[in-house]
Amino acid sequence: MANHNHYIVNQDADINQLQPVWAMVREGLGQQIPASDFRSWIDRLQAVPVDEDRVALIAPNTFSRDWIQENLFDLICKLWIKSDPQNRSLSLQVASGKGPSTNTDAGAKKADPASMSVADTAGHKYRFDNFVVGPSNEVAWAVSKQAARGPQSRFNPLFIHGGYGLGKTHLLRAIAHQSRAQSPTKKVLFLTAEAFVQKFVTSLRGTQSLEFKKNLRSLDLLLIDDLHFLAGKTATQEEFVHTLGSLIENGSQVVLSADRSPGEIAALDDRLRSHLSGGLVCRIAPAAFELRREILVQQVEEMKTEFENFKVPDDVLDFLASKICSSPRELLGALNMVVSGTVLIGRPVTLEQARDILSDVVRATRVKVSISDIKNGTTSWFGLGKEDLLSRRKTRNIVRPRQIAMYLAKELTSCSLPMIGQRFGGRDHTTVIHAIKTIQKLIAEDTALADEVEGLRRSLTKLQS
Ligand code: ADP
Ligand code: MG
């Protein structure tokens with residue numbers, strides 16, 4: 001694999017064309033993000049040409065690269081696509097400290113279809129070994145690993161769906177990264193659906209239409225992220241259906257992601273739908289507390305390479321994992337906020353500091369919910385009688401809601417397991433554990449139930465806002 005820490009610059013590439021484009025992108029950013037973010041992150045970014053087709057944005061350190069990757073890179077790419085008449089691809093890299101070196105194999109690189117990708121960057125940050133696995137994502141993880149092994153997995157196309165921030169892009173990039181690492185000659189292309197549309201539209205305008213198609217169809221592995229973006233875009237879908245058909249026929253692997261299931265994507269081409277049903281559709285469910293906490297632990301481990309003597313106390317991890325339940329993305333964002341409010345300015349991380357720094361976030365994401373709220377909310381959600389949740393009745397239409405209520409009591413309140421058992425008809429804490437485990441497992445397996453739980457959770461957390 002290429003060394004990602006060293007960016008390569010071709011001195012002949014047209015530097016004059018680059019800075020005005022970057023200035024336009026900066027201007028667009030200035031209008032869309034807070035001035036403080038602009039100063040902290042964008043001001044310190046440098047745009048340098050890599051070769052005719054590629055531009056690198058150089059961040060001063062990995063922390064800032066990762067932050068930008070998470071929070072701004074999508075926006076930067078969008079503005080870039082609009083601003084760059086040469087349609088060069090953009091990557092985000094870290095200054096090597098040694099200064100730019102001259103690219104000697106730019107010619108070889110140019111033929112690589114991967115250079116078609118605008119957002120094809122930082123693949124090394126998203127790997128299988130730093131993807132934390134739990135009941136809500138283990139199926140998606142396992143089939144992704146299988147798809148990375150190639151040449152063609154049994155799951156083709158593989159379609160991974162799940163809510164915002166749950167790890168879809170992480171898995172797709174891990175697949176791309178691993179396949180490239182295993183067989184460097186393999187033609188792998190990762191594209192967001194948005195970039196796909198863009199490529200398609202520009203290829204129609206120019207004379208490169210055939211080349212675009214040929215390039216796509218010669219791939220060994222095609223990954224398209226955020227497919228829901230194609231909803232309603234009939235002409236692009238049409239092209240995509242043909243590409244998909246031809247790739248599958250040739251034995252090439254296709255991996256797709258979207259924020260909802262194929263059935264929920266409006267205006268999806270029927271042939272596309274039928275291709276999808278011939279492959280494997282799998283879902284990433286929201287992460288439970290344990291997984292959220294483990295994701296934090298693993299992120300802290302990664303940060304240790306960045307900051308000397310870096311430590312985050314257990315109570316801070318517990319606090320973050322219990323308060324930020326929306327998605328790993330928000331969770332890691334919160335951790336970053338805590339780190340930049342402490343370590344970066346030379347303070348130790350304490351629970352007190354963390355609470356203080358996140359007070360707004362936590363207030364916004366979470367309203368206080370009591371066990372009574374949960375009981376009332378659950379009975380009315382499922383249309384049960386007041387006493388049903390507390391009763392000893394064992395019919396399934398009562399057992400499930402009861403288990404869901406206990407599960408949510410653990411997720412949304414700070415009550416202990418024995419206390420929850422007590423409040424649900426004087427049950428033992430082992431019953432509560434069993435209920436929580438059952439629901440966790442079902443959430444991972446059963447989309448309808450997962451949606452039910454999510455809907456109820458939302459209605460509960462909205463109650464008092
Ligand atoms: P999506 O594409 O589903 O919106 P991402 O893949 O961008 O979500 O994930 C958001 C962030 O959370 C990324 O930084 C990603 O690395 C991280 N993340 C999500 N799930 C996991 C996981 N299981 N283990 C480690 N990191 C995760
Ligand atoms: Mg994504």
Side-chain angles (χ1 to χ4, degrees), residues 66 69-70 122-150 153-155 157-182 190 221 223 225 253 255-259 261 279-305 312 314 317-318 320-322 324-335 407 410-411 433-434 436-447 449-451 453-454:
D66 292 349
Q69 174 77 44
E70 267 326 299
H124 55 301
K125 192 193 148 198
Y126 299 121
R127 303 181 310 270
F128 283 121
D129 64 18
N130 67 359
F131 187 82
V132 187
V133 184
S136 52
N137 60 19
E138 64 188 353
V139 176
W141 172 80
V143 293
S144 294
K145 287 200 83 158
Q146 151 101 44
R149 247 172 256 139
S153 74
R154 281 190 290 135
F155 318 120
L158 170 58
F159 184 98
I160 299 175
H161 69 103
Y164 177 77
L166 296 183
K168 304 180 295 292
T169 301
H170 189 132
L171 281 179
L172 260 61
R173 288 199 181 279
I175 296 172
H177 178 63
Q178 173 136 330
S179 314
R180 289 196 185 109
Q182 270 167 4
F190 172 98
L221 169 61
L223 307 104
D225 201 12
Q253 176 73 43
V255 184
L256 309 163
S257 85
D259 66 357
S261 68
L280 180 76
V281 174
C282 82
R283 172 173 187 267
I284 305 183
F289 173 83
E290 288 72 19
L291 180 57
R292 295 200 296 268
R293 195 169 183 302
E294 243 184 275
I295 289 175
L296 285 174
V297 169
Q298 114 98 31
Q299 182 67 19
V300 167
E301 278 310 309
E302 288 199 359
M303 283 178 158
K304 281 186 180 158
T305 58
V312 179
D314 278 352
L317 295 179
D318 287 337
L320 287 170
S322 64
I324 316 283
C325 342
S326 28
S327 80
R329 186 197 302 275
E330 270 82 18
L331 192 61
L332 296 175
L335 179 64
Y407 166 83
K410 177 72 182 50
E411 287 268 306
I433 294 176
H434 175 71
I436 294 171
K437 290 223 165 109
T438 307
I439 298 305
Q440 277 174 353
K441 189 158 165 282
L442 286 172
I443 283 179
E445 292 166 354
D446 179 348
T447 319
L449 182 126
D451 291 342
V453 174
E454 203 40 46

Inset, instruction - Answer yes when K437 and E290 have at least one side-chain N-carboxylate O distance shorter than 4.0 Å, and no when they do not. - result: no

How many angstroms lie between [atom1] in [X] and [atom2] in [Y], if you round to the nearest 0.5 Å?
X: E294; Y: F289; atom1: CD; atom2: CZ; value: 11.0 Å
X: Y407; Y: I433; atom1: OH; atom2: CD1; value: 15.0 Å
X: E454; Y: T447; atom1: CD; atom2: OG1; value: 13.0 Å
X: S144; Y: R149; atom1: OG; atom2: CZ; value: 11.0 Å
X: Q178; Y: K145; atom1: CD; atom2: NZ; value: 6.0 Å

Could you tell me which non-hydrogen atom of [X] sits nearest to which non-hydrogen atom of [Y], and how far apart they are?
X: L317; Y: L296; answer: O-CD1, 3.6 Å
X: Q253; Y: F155; answer: NE2-O, 2.8 Å
X: C282; Y: A140; answer: SG-CA, 3.6 Å
X: L223; Y: L172; answer: CD2-O, 3.3 Å
X: A444; Y: A285; answer: CA-CB, 4.4 Å

Show which side-chain atoms of residues 159-171 pair as donor or acceptor with protein atoms under 3.5 Å away, not counting sequence neighbours.
{"unit_1": "H161", "atom_1": "ND1", "unit_2": "S261", "atom_2": "N", "d": "3.4"}
{"unit_1": "Y164", "atom_1": "OH", "unit_2": "R329", "atom_2": "NE", "d": "3.4"}
{"unit_1": "K168", "atom_1": "NZ", "unit_2": "G162", "atom_2": "O", "d": "2.9"}
{"unit_1": "K168", "atom_1": "NZ", "unit_2": "G163", "atom_2": "O", "d": "2.8"}
{"unit_1": "T169", "atom_1": "OG1", "unit_2": "D225", "atom_2": "OD2", "d": "2.6"}
{"unit_1": "H170", "atom_1": "NE2", "unit_2": "R127", "atom_2": "N", "d": "3.4"}
{"unit_1": "H170", "atom_1": "NE2", "unit_2": "R127", "atom_2": "O", "d": "3.0"}
{"unit_1": "H170", "atom_1": "NE2", "unit_2": "N130", "atom_2": "OD1", "d": "3.0"}

Inset, instruction - Find out whether F190 and L221 are in side-chain contact, i.e. whether some heavy atom of one side chain is under 4.5 Å from a heavy atom of the other. - result: no

Inset, instruction - List the steps, then state whether salt bridge (Lys or Arg N to Asp or Glu O under 4.0 Å) holds for R292 with E411. - result: CA-CA 12 Å; R292 295 200 296 268; E411 287 268 306; 3.5 Å; yes

Inset, instruction - Apply the side-chain contact (heavy atoms from CB on, under 4.5 Å) test between E138 and each candidate in V133, L291, I284; give the one that qualifies. - result: V133

Inset, instruction - Decide whether S327 and E330 meet the rule of one side-chain donor and one side-chain acceptor closer than 3.5 Å. - result: yes

Inset, instruction - Mind running side-chain contact (heavy atoms from CB on, under 4.5 Å) on Y126 and Q69 for me, showing each step along the way? - result: CA-CA 11 Å; Y126 299 121; Q69 174 77 44; 4.0 Å; yes

Inset, instruction - Please list, chain by chain and in numerical order, all residues satisfying side chain to side chain donor-acceptor pair (under 3.5 Å) with N137, sequence neighbours excluded. - result: none

